[in-house]
Amino acid sequence: MTAQTPPAAPALKIPPAAQSGPGFNAETATRAYLAMQTPAQKARSDAYFEGGYWLMLWDFLYGAAISILLLATGLSRRMREVSERMVRRKPLSTWLYWAQLSIALFVLGFPLSAYEGFFRERQYGLMNQTFAAWFVDQSKGLALSVVLAGLMVMALFRIVRRLPNSWHLWAAVVTIVFLLISIVISPVFIAPMFNKYTLLTDERIREPILRLARQNGIEANAVYQVDFSRQSNRVSANVSGLFGTERITLNDNLLNRCSPQAILGVMGHEMGHYILHHGIKFMAFMTIIALLFFTLLRRGLDWSLARWGTRWGIRDVGDPAVLPLAILILSILFLLGTPLFNNLSRMDEYEADIFGLNTARQPDGEAEADVLLGEYRKLDPTPLEEFLFYDHPSGRTRIYAAMRWKAENQCLGNAVNPCPR
Ligand SMILES: [Zn+2]
């Protein structure tokens, strides 16, 4: 049934010190896998990832400066005046303000986003796109923001104007509903705007994955692949969608660069997210965060408008011109919340790792994938770095978990002393 026969998959390479045998030791095996990265590769990956810690700060400061600029120069107020002059109806003029603001943020933020998203990626050898192709993707993102986020902004301002005393609670509810809708439609409508998704047809890869799915009670008959190499040579896979649009997608870099064992290891991890209901847990967590952040946002807005509202020409919280201030306050909250978000994500990722090891039974495949992920995620950070900045366990943590599993399952593949059943 396959249209063309793809080249044979790369073979699994196990370093000598990680081979099964009477002397197997999880720590030694972990070090052997970490040493597969050459010193030059390690230096590059560490520099790339550590630079990312600083970029979080620069992103925040740069974004804060843009917000303050829009407010203090009266630009925000003028954009609202323009939108009110063009259309009389409140919801439409709110949307028109949002469209102007989106474009202003895109243009003013462009120097940093181009450095971060394109030039820096290219400098570290992670970018496969031309600047023009990258720019087209960014413009699609802007168009999506103007339309989809625009609908949400219109709904939120309607709530603020209608329910002046309890808007923060209803705004949280509406935000969660929009988040849910975007997760549900993303694999079907949004992701295909940027990449081509096709059914995985190579039976040698697909059949073991479907067996793994069936053994876990996942009623999948299709696995998707995506031409992610269009943008980057990063290896990755994910579970996306919710309420019937769920799907598992492997990117073509993973398919081209990993052994069949590593692909199965990664698939076991992704199925873990699905079986352990990480999507629903994430939504529950985000509901709490939305309630908390909107409550704090309301206080922050009231406090700031009492001080500078007149000077900035903002009438009240129901005036769209207040948006740069709202964005600034939310960006402070998200920056402060980063370690919390990272820890919750990392806990789920670790759970999925353990699930994947137990179901796919491919510790060396998992370790191989972890070393490849080390191309863009520092493999061996300090515990404090991992705690603050990692939304996935570090390569070291993941490889050690795999080797610890392997140490207890030395009987796997052993014809003389097979595993007891
Ligand atoms: Zn994951």
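Indexing begins at 1, ligand by ligand and atom by atom, following the structure's order. Quick note: residue numbers are just sequence positions, from 1. Keep in mind that this is a model prediction, so the values were computed, not measured.
Under the 4.0 Å criterion applied to side-chain N and carboxylate O atoms, Glu366 and Lys406 are not assigned as salt-bridge partners. Taking 4.0 Å as the cut-off between side-chain N and carboxylate O, Arg398 and Asp353 count as a salt-bridged pair.
At a cut-off of 2.8 Å, measuring from the Zn ion (ligand 1), the protein N, O or S atoms that fall short of it are His269 NE2, His273 NE2, Glu349 OE1, waters left aside.
Checking Ser229 against Asp252 by side-chain atom types alone, a donor-acceptor pair falls below 3.5 Å. If you check the side chains of Ser113 and Gln138, you find no donor sitting under 3.5 Å from an acceptor. His269 and Glu349 form a side-chain donor-acceptor contact under 3.5 Å, judged by distance and modelled atom types alone.
Checked against the 6.0 Å centroid threshold, Phe334 and Phe293 count as a close aromatic pair.
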